Number of protein chains: 2
Amino acid sequence: MVARMAESWTQEDLSPIRDKVYAYLKDAILRGEYKAGDRLVERVLAEKLNISRTPIREALFRLETQRFVRTVPRKGVVVNEITQAEILEVFMILASLESLAARLAAQKVNDEIAGDIDRLIAEIDAALDNGGGDEVELNVQYNELIGRAAGNPKLHEMLVDLKDYVRAFSNLSSALPGRTKEALREHKDILGAIRNGEEDLAESFTRIHLEKSRKAYMSRSHV
Amino acid sequence: MVARMAESWTQEDLSPIRDKVYAYLKDAILRGEYKAGDRLVERVLAEKLNISRTPIREALFRLETQRFVRTVPRKGVVVNEITQAEILEVFMILASLESLAARLAAQKVNDEIAGDIDRLIAEIDAALDNGGGDEVELNVQYNELIGRAAGNPKLHEMLVDLKDYVRAFSNLSSALPGRTKEALREHKDILGAIRNGEEDLAESFTRIHLEKSRKAYMSRSHV
DNA sequence: ATAGTAAATTACGTTAACAGTTTAACATTT
DNA sequence: AAATGTTAAACTGTTAACGTAATTTACTAT
(Lines give C-alpha, C1' and ligand atoms only; values in the text may rest on other atoms or scores of the structure.)
Protein backbone atom coordinates (compact mmCIF):
# COMPACT_ATOMS: atom_id res chain seq x y z
CA MET A 1 0.00 0.00 0.00
CA VAL A 2 1.04 3.52 -0.61
CA ALA A 3 -0.28 4.57 2.75
CA ARG A 4 2.27 2.59 4.67
CA MET A 5 5.14 3.91 2.66
CA ALA A 6 3.87 7.41 3.09
CA GLU A 7 3.47 6.81 6.79
CA SER A 8 7.00 5.63 7.30
CA TRP A 9 8.20 8.54 5.25
CA THR A 10 6.26 11.15 7.18
CA GLN A 11 7.16 9.41 10.42
CA GLU A 12 10.75 9.97 9.54
CA ASP A 13 10.14 13.51 8.51
CA LEU A 14 7.56 14.31 11.15
CA SER A 15 10.09 15.58 13.62
CA PRO A 16 10.33 19.28 12.96
CA ILE A 17 13.49 20.67 11.50
CA ARG A 18 14.07 22.55 14.70
CA ASP A 19 14.67 19.28 16.52
CA LYS A 20 17.37 18.26 14.11
CA VAL A 21 18.98 21.66 14.36
CA TYR A 22 18.80 21.46 18.14
CA ALA A 23 20.46 18.05 18.14
CA TYR A 24 23.11 19.26 15.73
CA LEU A 25 23.96 22.39 17.68
CA LYS A 26 23.95 20.73 21.07
CA ASP A 27 26.16 17.95 19.80
CA ALA A 28 28.51 20.50 18.29
CA ILE A 29 28.73 22.37 21.57
CA LEU A 30 29.22 19.17 23.55
CA ARG A 31 31.98 18.10 21.21
CA GLY A 32 33.66 21.45 21.58
CA GLU A 33 33.22 22.42 17.93
CA TYR A 34 31.61 25.61 19.16
CA LYS A 35 33.48 26.98 22.13
CA ALA A 36 32.53 29.44 24.82
CA GLY A 37 32.31 32.93 23.42
CA ASP A 38 31.72 31.82 19.83
CA ARG A 39 28.91 33.67 18.13
CA LEU A 40 26.11 31.68 16.55
CA VAL A 41 24.81 33.85 13.72
CA GLU A 42 21.38 32.80 12.51
CA ARG A 43 21.93 33.56 8.85
CA VAL A 44 25.28 31.77 8.74
CA LEU A 45 23.81 28.64 10.29
CA ALA A 46 20.79 28.84 8.03
CA GLU A 47 22.97 28.90 4.94
CA LYS A 48 25.21 26.15 6.26
CA LEU A 49 22.25 23.83 6.89
CA ASN A 50 20.29 25.01 3.83
CA ILE A 51 17.18 26.02 5.73
CA SER A 52 15.59 29.27 6.75
CA ARG A 53 16.33 31.18 9.93
CA THR A 54 13.19 30.24 11.82
CA PRO A 55 14.08 26.65 12.81
CA ILE A 56 17.52 27.92 13.76
CA ARG A 57 16.02 30.49 16.08
CA GLU A 58 13.73 27.93 17.67
CA ALA A 59 16.64 25.60 18.35
CA LEU A 60 18.67 28.46 19.77
CA PHE A 61 15.88 29.38 22.16
CA ARG A 62 15.83 25.85 23.50
CA LEU A 63 19.57 25.95 24.01
CA GLU A 64 19.14 29.26 25.79
CA THR A 65 16.70 27.95 28.37
CA GLN A 66 19.21 25.20 29.11
CA ARG A 67 21.94 27.80 29.47
CA PHE A 68 24.12 26.41 26.68
CA VAL A 69 23.97 29.75 24.94
CA ARG A 70 22.88 33.21 25.95
CA THR A 71 21.20 35.73 23.72
CA VAL A 72 21.96 39.39 23.99
CA PRO A 73 18.96 41.37 22.76
CA ARG A 74 19.53 42.92 19.34
CA LYS A 75 23.02 41.50 19.23
CA GLY A 76 22.77 37.78 18.88
CA VAL A 77 23.56 34.57 20.65
CA VAL A 78 26.91 33.36 21.87
CA VAL A 79 27.98 30.08 23.39
CA ASN A 80 27.87 30.58 27.12
CA GLU A 81 31.07 30.97 28.98
CA ILE A 82 30.80 29.36 32.34
CA THR A 83 32.70 30.13 35.48
CA GLN A 84 34.63 27.56 37.43
CA ALA A 85 32.44 28.46 40.37
CA GLU A 86 29.32 27.45 38.49
CA ILE A 87 30.77 24.09 37.54
CA LEU A 88 31.52 23.43 41.19
CA GLU A 89 27.94 24.40 41.99
CA VAL A 90 26.70 21.84 39.51
CA PHE A 91 29.01 19.19 40.96
CA MET A 92 27.42 19.83 44.34
CA ILE A 93 23.93 19.48 42.91
CA LEU A 94 24.95 16.36 41.00
CA ALA A 95 26.32 14.78 44.16
CA SER A 96 23.05 15.39 45.91
CA LEU A 97 20.84 14.09 43.12
CA GLU A 98 22.98 11.14 42.12
CA SER A 99 23.18 9.91 45.67
CA LEU A 100 19.43 10.25 45.87
CA ALA A 101 19.11 8.18 42.73
CA ALA A 102 21.45 5.54 44.12
CA ARG A 103 19.48 5.38 47.35
CA LEU A 104 16.18 5.04 45.50
CA ALA A 105 17.63 2.36 43.28
CA ALA A 106 18.83 0.40 46.29
CA GLN A 107 15.37 0.73 47.85
CA LYS A 108 13.55 -0.55 44.83
CA VAL A 109 15.93 -3.19 43.56
CA ASN A 110 14.24 -6.34 42.31
CA ASP A 111 15.23 -9.49 40.48
CA GLU A 112 15.06 -7.94 37.05
CA ILE A 113 17.20 -4.97 38.00
CA ALA A 114 19.59 -7.25 39.88
CA GLY A 115 20.07 -9.24 36.72
CA ASP A 116 20.80 -6.11 34.73
CA ILE A 117 23.28 -5.01 37.36
CA ASP A 118 25.05 -8.36 37.22
CA ARG A 119 25.35 -8.11 33.46
CA LEU A 120 26.71 -4.58 33.62
CA ILE A 121 29.21 -5.47 36.33
CA ALA A 122 30.43 -8.33 34.16
CA GLU A 123 30.91 -5.94 31.26
CA ILE A 124 32.79 -3.52 33.48
CA ASP A 125 35.03 -6.33 34.69
CA ALA A 126 35.76 -7.32 31.13
CA ALA A 127 36.61 -3.74 30.25
CA LEU A 128 38.89 -3.45 33.26
CA ASP A 129 40.72 -6.65 32.33
CA ASN A 130 41.04 -5.91 28.64
CA GLY A 131 42.36 -2.53 29.55
CA GLY A 132 39.62 -0.31 28.25
CA GLY A 133 36.72 -1.21 26.04
CA ASP A 134 34.13 1.42 25.33
CA GLU A 135 34.13 3.37 28.56
CA VAL A 136 31.78 5.99 27.20
CA GLU A 137 29.20 3.35 26.35
CA LEU A 138 29.58 1.76 29.79
CA ASN A 139 29.05 5.14 31.35
CA VAL A 140 25.85 5.64 29.41
CA GLN A 141 24.63 2.19 30.41
CA TYR A 142 25.45 2.90 34.03
CA ASN A 143 23.42 6.09 34.01
CA GLU A 144 20.51 4.49 32.19
CA LEU A 145 20.42 1.60 34.61
CA ILE A 146 20.46 3.76 37.72
CA GLY A 147 17.89 6.05 36.20
CA ARG A 148 15.59 3.14 35.47
CA ALA A 149 16.22 1.45 38.80
CA ALA A 150 15.47 4.61 40.76
CA GLY A 151 12.02 4.73 39.18
CA ASN A 152 12.05 8.51 38.95
CA PRO A 153 12.06 9.66 35.33
CA LYS A 154 12.10 13.32 36.27
CA LEU A 155 15.22 12.80 38.36
CA HIS A 156 16.84 10.90 35.53
CA GLU A 157 16.06 13.65 33.09
CA MET A 158 17.58 16.27 35.36
CA LEU A 159 20.70 14.19 35.84
CA VAL A 160 21.16 13.81 32.11
CA ASP A 161 20.79 17.55 31.59
CA LEU A 162 23.20 18.42 34.37
CA LYS A 163 25.82 15.99 33.11
CA ASP A 164 25.53 17.32 29.58
CA TYR A 165 25.97 20.77 31.01
CA VAL A 166 29.13 19.87 32.88
CA ARG A 167 30.49 17.96 29.95
CA ALA A 168 29.94 20.84 27.56
CA PHE A 169 31.79 23.38 29.64
CA SER A 170 34.55 21.39 31.24
CA ASN A 171 35.93 19.55 28.21
CA LEU A 172 35.54 16.37 30.20
CA SER A 173 35.02 14.32 27.06
CA SER A 174 38.54 13.04 27.00
CA ALA A 175 38.87 12.55 30.70
CA LEU A 176 42.03 11.92 32.61
CA PRO A 177 43.85 8.77 31.52
CA GLY A 178 43.89 7.13 34.93
CA ARG A 179 40.52 8.47 35.99
CA THR A 180 38.28 6.43 33.70
CA LYS A 181 39.43 3.12 35.15
CA GLU A 182 39.05 4.43 38.65
CA ALA A 183 35.58 5.66 37.80
CA LEU A 184 34.63 2.24 36.47
CA ARG A 185 35.73 0.63 39.71
CA GLU A 186 33.72 3.14 41.70
CA HIS A 187 30.69 2.43 39.54
CA LYS A 188 31.13 -1.23 40.33
CA ASP A 189 31.08 -0.54 44.05
CA ILE A 190 27.94 1.53 43.76
CA LEU A 191 26.18 -1.06 41.62
CA GLY A 192 27.13 -3.77 44.11
CA ALA A 193 25.65 -1.80 46.99
CA ILE A 194 22.46 -1.18 45.03
CA ARG A 195 22.23 -4.83 44.11
CA ASN A 196 22.34 -5.76 47.81
CA GLY A 197 19.77 -3.15 48.70
CA GLU A 198 22.20 -1.30 50.93
CA GLU A 199 20.82 2.22 50.67
CA ASP A 200 23.27 3.96 52.95
CA LEU A 201 26.24 2.35 51.31
CA ALA A 202 25.01 3.14 47.81
CA GLU A 203 24.51 6.77 48.75
CA SER A 204 27.90 7.05 50.45
CA PHE A 205 29.73 5.45 47.54
CA THR A 206 28.03 7.84 45.16
CA ARG A 207 28.96 10.87 47.22
CA ILE A 208 32.58 9.70 47.35
CA HIS A 209 32.55 9.01 43.63
CA LEU A 210 31.29 12.49 42.81
CA GLU A 211 33.75 14.06 45.22
CA LYS A 212 36.62 12.28 43.47
CA SER A 213 35.30 13.33 40.08
CA ARG A 214 35.17 16.91 41.26
CA LYS A 215 38.74 16.80 42.52
CA ALA A 216 39.89 15.21 39.29
CA TYR A 217 38.20 17.97 37.34
CA MET A 218 39.70 20.68 39.49
CA SER A 219 43.24 19.33 39.37
CA ARG A 220 42.90 19.15 35.61
CA SER A 221 41.50 22.59 35.03
CA HIS A 222 44.11 24.24 37.21
CA VAL A 223 46.86 23.34 34.75
CA MET B 1 22.08 64.70 29.22
CA VAL B 2 20.17 63.13 26.44
CA ALA B 3 22.17 59.96 26.69
CA ARG B 4 20.74 59.03 30.06
CA MET B 5 17.19 59.58 28.96
CA ALA B 6 17.75 57.51 25.86
CA GLU B 7 19.37 54.81 27.89
CA SER B 8 16.52 54.45 30.31
CA TRP B 9 14.11 54.48 27.41
CA THR B 10 15.79 51.73 25.42
CA GLN B 11 16.30 49.76 28.60
CA GLU B 12 12.56 49.68 28.99
CA ASP B 13 11.83 48.61 25.45
CA LEU B 14 14.81 46.34 24.99
CA SER B 15 13.13 43.21 26.25
CA PRO B 16 11.70 41.34 23.28
CA ILE B 17 8.00 40.75 23.01
CA ARG B 18 8.60 37.06 23.45
CA ASP B 19 9.71 37.68 27.02
CA LYS B 20 6.52 39.49 27.85
CA VAL B 21 4.46 36.75 26.26
CA TYR B 22 6.42 34.15 28.19
CA ALA B 23 5.82 35.97 31.46
CA TYR B 24 2.16 36.38 30.64
CA LEU B 25 1.60 32.74 29.72
CA LYS B 26 3.57 31.32 32.60
CA ASP B 27 1.76 33.53 35.06
CA ALA B 28 -1.55 32.48 33.57
CA ILE B 29 -0.66 28.83 33.93
CA LEU B 30 0.60 29.32 37.48
CA ARG B 31 -2.58 31.12 38.42
CA GLY B 32 -4.66 28.34 36.94
CA GLU B 33 -6.19 30.51 34.23
CA TYR B 34 -5.02 27.91 31.74
CA LYS B 35 -5.58 24.45 33.10
CA ALA B 36 -4.11 21.09 32.17
CA GLY B 37 -5.40 19.94 28.82
CA ASP B 38 -6.29 23.44 27.59
CA ARG B 39 -5.17 24.10 24.07
CA LEU B 40 -3.03 27.14 23.39
CA VAL B 41 -3.74 28.10 19.79
CA GLU B 42 -1.10 30.39 18.35
CA ARG B 43 -3.42 32.48 16.24
CA VAL B 44 -5.92 33.00 19.06
CA LEU B 45 -3.19 34.18 21.41
CA ALA B 46 -1.70 36.36 18.70
CA GLU B 47 -5.02 38.12 18.15
CA LYS B 48 -5.67 38.45 21.87
CA LEU B 49 -2.31 40.10 22.45
CA ASN B 50 -2.32 42.01 19.15
CA ILE B 51 0.98 40.66 17.92
CA SER B 52 2.06 38.17 15.32
CA ARG B 53 2.45 34.43 15.87
CA THR B 54 6.22 34.36 16.02
CA PRO B 55 6.76 35.75 19.53
CA ILE B 56 3.95 33.48 20.70
CA ARG B 57 5.72 30.46 19.28
CA GLU B 58 9.00 31.47 20.87
CA ALA B 59 7.38 31.81 24.26
CA LEU B 60 5.64 28.47 23.83
CA PHE B 61 8.93 26.77 23.02
CA ARG B 62 10.40 28.06 26.23
CA LEU B 63 7.42 26.78 28.17
CA GLU B 64 7.82 23.45 26.43
CA THR B 65 11.41 22.94 27.50
CA GLN B 66 10.27 23.58 31.05
CA ARG B 67 7.49 21.04 30.62
CA PHE B 68 4.68 23.49 31.28
CA VAL B 69 3.18 22.68 27.91
CA ARG B 70 3.72 19.97 25.37
CA THR B 71 3.47 20.36 21.64
CA VAL B 72 2.08 17.64 19.46
CA PRO B 73 3.59 17.97 15.99
CA ARG B 74 1.11 19.31 13.45
CA LYS B 75 -1.58 19.54 16.09
CA GLY B 76 -0.62 22.24 18.51
CA VAL B 77 0.32 22.83 22.09
CA VAL B 78 -1.66 21.99 25.18
CA VAL B 79 -1.05 22.74 28.83
CA ASN B 80 0.65 19.69 30.23
CA GLU B 81 -1.31 17.36 32.39
CA ILE B 82 0.87 15.92 35.04
CA THR B 83 0.57 12.67 36.88
CA GLN B 84 0.43 12.43 40.62
CA ALA B 85 3.47 10.19 40.38
CA GLU B 86 5.47 12.92 38.75
CA ILE B 87 4.57 15.44 41.43
CA LEU B 88 5.77 13.00 44.05
CA GLU B 89 8.98 12.61 42.07
CA VAL B 90 9.47 16.34 42.16
CA PHE B 91 8.78 16.44 45.88
CA MET B 92 11.55 13.91 46.35
CA ILE B 93 13.97 15.99 44.29
CA LEU B 94 12.93 19.13 46.11
CA ALA B 95 13.58 17.51 49.47
CA SER B 96 17.06 16.58 48.36
CA LEU B 97 17.95 19.97 46.92
CA GLU B 98 16.33 22.10 49.60
CA SER B 99 18.08 20.22 52.35
CA LEU B 100 21.32 20.71 50.44
CA ALA B 101 20.61 24.41 50.29
CA ALA B 102 19.85 24.54 54.00
CA ARG B 103 23.07 22.70 54.79
CA LEU B 104 25.13 25.03 52.60
CA ALA B 105 23.47 28.04 54.14
CA ALA B 106 24.30 26.80 57.63
CA GLN B 107 27.90 26.22 56.57
CA LYS B 108 28.34 29.68 55.16
CA VAL B 109 26.33 31.75 57.57
CA ASN B 110 27.91 35.07 58.49
CA ASP B 111 26.94 38.19 60.38
CA GLU B 112 25.15 39.78 57.47
CA ILE B 113 23.07 36.69 56.75
CA ALA B 114 22.42 36.21 60.46
CA GLY B 115 21.00 39.72 60.61
CA ASP B 116 18.73 39.02 57.66
CA ILE B 117 17.58 35.82 59.29
CA ASP B 118 16.75 37.64 62.51
CA ARG B 119 14.70 40.17 60.62
CA LEU B 120 12.80 37.51 58.71
CA ILE B 121 12.13 35.51 61.87
CA ALA B 122 10.73 38.64 63.47
CA GLU B 123 8.42 39.13 60.50
CA ILE B 124 7.29 35.53 60.68
CA ASP B 125 6.58 35.92 64.39
CA ALA B 126 4.52 39.00 63.69
CA ALA B 127 2.57 37.17 61.02
CA LEU B 128 1.95 34.25 63.36
CA ASP B 129 0.68 36.56 66.12
CA ASN B 130 -1.49 38.71 63.90
CA GLY B 131 -2.95 35.59 62.41
CA GLY B 132 -1.72 35.76 58.91
CA GLY B 133 -0.06 38.65 57.15
CA ASP B 134 1.23 38.09 53.67
CA GLU B 135 2.30 34.48 53.83
CA VAL B 136 3.07 34.35 50.13
CA GLU B 137 5.49 37.25 50.47
CA LEU B 138 7.12 35.65 53.51
CA ASN B 139 7.53 32.45 51.54
CA VAL B 140 9.26 34.31 48.74
CA GLN B 141 11.54 36.06 51.20
CA TYR B 142 12.38 32.73 52.84
CA ASN B 143 13.36 31.19 49.53
CA GLU B 144 15.37 34.21 48.47
CA LEU B 145 17.22 34.28 51.74
CA ILE B 146 18.13 30.60 51.69
CA GLY B 147 19.11 30.87 48.05
CA ARG B 148 21.40 33.78 48.79
CA ALA B 149 22.80 32.25 51.96
CA ALA B 150 23.63 28.97 50.26
CA GLY B 151 25.81 30.86 47.79
CA ASN B 152 24.81 28.59 44.92
CA PRO B 153 22.86 30.54 42.29
CA LYS B 154 22.43 27.50 40.07
CA LEU B 155 20.85 25.59 42.92
CA HIS B 156 18.59 28.50 43.70
CA GLU B 157 17.49 28.74 40.11
CA MET B 158 16.65 25.04 40.00
CA LEU B 159 14.68 25.29 43.22
CA VAL B 160 12.64 28.19 41.88
CA ASP B 161 11.86 26.29 38.69
CA LEU B 162 10.88 23.13 40.53
CA LYS B 163 8.62 24.99 42.92
CA ASP B 164 6.93 26.82 40.08
CA TYR B 165 6.41 23.47 38.43
CA VAL B 166 4.79 21.94 41.49
CA ARG B 167 2.71 25.02 42.10
CA ALA B 168 1.41 25.07 38.55
CA PHE B 169 0.21 21.50 38.57
CA SER B 170 -0.94 20.96 42.11
CA ASN B 171 -3.09 24.07 42.60
CA LEU B 172 -1.09 24.69 45.74
CA SER B 173 -1.59 28.44 45.47
CA SER B 174 -4.36 28.50 48.02
CA ALA B 175 -2.85 25.95 50.33
CA LEU B 176 -4.56 24.21 53.19
CA PRO B 177 -5.89 26.60 55.83
CA GLY B 178 -3.96 25.11 58.73
CA ARG B 179 -0.90 24.27 56.69
CA THR B 180 0.41 27.78 56.03
CA LYS B 181 0.86 28.56 59.70
CA GLU B 182 2.51 25.25 60.31
CA ALA B 183 4.80 25.88 57.35
CA LEU B 184 5.79 29.25 58.77
CA ARG B 185 6.72 27.64 62.06
CA GLU B 186 8.79 25.04 60.26
CA HIS B 187 10.54 27.77 58.31
CA LYS B 188 11.36 29.44 61.60
CA ASP B 189 12.97 26.25 62.90
CA ILE B 190 15.06 25.87 59.76
CA LEU B 191 16.16 29.50 59.82
CA GLY B 192 17.13 29.18 63.48
CA ALA B 193 19.28 26.14 62.76
CA ILE B 194 20.97 27.91 59.84
CA ARG B 195 21.57 30.96 61.99
CA ASN B 196 23.39 28.82 64.53
CA GLY B 197 25.42 27.07 61.86
CA GLU B 198 23.94 23.69 62.73
CA GLU B 199 24.20 21.96 59.37
CA ASP B 200 22.75 18.61 60.34
CA LEU B 201 19.81 20.17 62.10
CA ALA B 202 19.07 22.53 59.23
CA GLU B 203 19.11 19.64 56.79
CA SER B 204 16.92 17.44 58.98
CA PHE B 205 14.39 20.17 59.59
CA THR B 206 14.17 20.80 55.88
CA ARG B 207 13.64 17.14 55.08
CA ILE B 208 10.88 16.96 57.69
CA HIS B 209 9.34 20.14 56.36
CA LEU B 210 9.23 18.82 52.81
CA GLU B 211 7.88 15.48 53.97
CA LYS B 212 5.03 17.24 55.75
CA SER B 213 4.33 19.37 52.70
CA ARG B 214 4.18 16.26 50.59
CA LYS B 215 1.74 14.58 52.93
CA ALA B 216 -0.40 17.70 53.07
CA TYR B 217 -0.49 17.77 49.30
CA MET B 218 -1.37 14.12 49.04
CA SER B 219 -4.16 14.24 51.61
CA ARG B 220 -5.58 17.22 49.75
CA SER B 221 -5.41 15.78 46.27
CA HIS B 222 -7.01 12.52 47.30
CA VAL B 223 -10.30 14.27 48.05
C1' DA C 1 -31.05 6.90 8.14
C1' DT C 2 -26.39 5.77 7.81
C1' DA C 3 -21.91 5.30 6.00
C1' DG C 4 -18.46 6.80 3.13
C1' DT C 5 -16.29 10.37 0.65
C1' DA C 6 -15.12 14.92 -0.75
C1' DA C 7 -14.66 19.68 0.23
C1' DA C 8 -13.72 23.28 3.35
C1' DT C 9 -11.83 24.82 7.42
C1' DT C 10 -8.35 24.99 10.86
C1' DA C 11 -3.82 25.33 12.57
C1' DC C 12 0.89 24.42 12.48
C1' DG C 13 5.65 24.45 9.83
C1' DT C 14 8.40 27.11 7.07
C1' DT C 15 9.93 30.70 4.16
C1' DA C 16 10.74 35.29 2.64
C1' DA C 17 10.63 40.08 3.21
C1' DC C 18 10.76 44.29 5.97
C1' DA C 19 11.98 47.28 9.90
C1' DG C 20 14.96 48.84 13.42
C1' DT C 21 19.39 48.63 15.78
C1' DT C 22 24.05 47.87 16.34
C1' DT C 23 28.66 47.52 14.56
C1' DA C 24 32.26 48.90 11.68
C1' DA C 25 34.46 51.36 8.25
C1' DC C 26 35.41 55.68 6.31
C1' DA C 27 35.80 60.41 5.61
C1' DT C 28 36.23 64.90 7.53
C1' DT C 29 37.83 68.23 10.70
C1' DT C 30 40.85 70.02 14.11
C1' DA D 1 47.61 62.09 13.44
C1' DA D 2 43.68 61.74 16.54
C1' DA D 3 38.99 62.38 17.26
C1' DT D 4 34.47 62.88 15.79
C1' DG D 5 30.62 62.65 12.69
C1' DT D 6 28.55 60.11 8.90
C1' DT D 7 27.37 56.36 6.09
C1' DA D 8 26.97 51.57 4.93
C1' DA D 9 26.73 46.81 6.07
C1' DA D 10 25.25 43.15 9.13
C1' DC D 11 22.12 41.07 12.15
C1' DT D 12 18.23 40.45 14.92
C1' DG D 13 13.02 41.26 15.82
C1' DT D 14 8.78 40.98 13.77
C1' DT D 15 5.30 40.50 10.38
C1' DA D 16 2.87 38.47 6.60
C1' DA D 17 2.06 34.94 3.43
C1' DC D 18 2.28 30.28 1.62
C1' DG D 19 2.30 25.23 2.01
C1' DT D 20 0.74 21.09 4.17
C1' DA D 21 -1.36 17.96 7.24
C1' DA D 22 -5.39 16.96 10.02
C1' DT D 23 -9.99 17.63 11.40
C1' DT D 24 -14.59 18.75 10.67
C1' DT D 25 -18.54 19.40 7.88
C1' DA D 26 -21.54 18.57 4.31
C1' DC D 27 -23.17 15.93 0.72
C1' DT D 28 -24.23 11.88 -1.87
C1' DA D 29 -25.23 7.18 -2.53
C1' DT D 30 -26.86 3.00 -0.77
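Letters A, B, ... are given to chains in the order of the sequence lines, protein chains preceding strands, and every chain is numbered from 1. Just so it is clear, the model here is predicted, and its values are computed rather than measured.
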Send over the distance from A:I51 CD1 to C:dA16 P, rounded to a whole Å. 11 Å

Rounding to a whole Å, what distance do you find between B:L60:CG and C:dC12:C1'? 11 Å

Between P of C:dC12 and CD1 of B:I56, the distance in whole Å: 11 Å

Donor-acceptor contact below 3.5 Å, side chain A:S219 vs main chain A:A216: yes

Protein-nucleotides 9-13 of chain D N/O pairs under 3.5 Å:
residue: D:dT12; atom: OP2; partner: A:E42; partner atom: N; Å: 3.4
residue: D:dG13; atom: OP1; partner: B:R18; partner atom: NH2; Å: 3.4
residue: D:dG13; atom: OP2; partner: A:R57; partner atom: NH1; Å: 3.2
residue: D:dG13; atom: OP2; partner: B:R18; partner atom: NH2; Å: 3.4
residue: D:dG13; atom: O4'; partner: A:R74; partner atom: NH1; Å: 3.4
residue: D:dG13; atom: N7; partner: A:R53; partner atom: NH2; Å: 3.2
residue: D:dG13; atom: O6; partner: A:R53; partner atom: NH1; Å: 3.2

Holding to salt bridge (Lys or Arg N to Asp or Glu O under 4.0 Å), I want the full list of residues that pass it with B:E182, two or more places apart in sequence or in another chain. B:R179

Considering only heavy atoms from C-beta outward, does the side chain of A:V77 approach that of A:E64 to under 4.5 Å? no

Hey, what's the ring geometry for B:Y34 with B:Y24, parallel, tilted or perpendicular (30° and 60° as the breaks)? perpendicular

Under the side chain to side chain contact (heavy atoms under 4.5 Å, CB included) test, which residues partner A:E86, sequence neighbours left out? A:I82, A:T83, A:E89, A:Y165, B:K154

4.5 Å side-chain heavy-atom contact, A:F68 and A:N80: no

Could you tell me how far apart A:E58 (CD) and C:dC12 (P) are, to the nearest whole angstrom? 13 Å

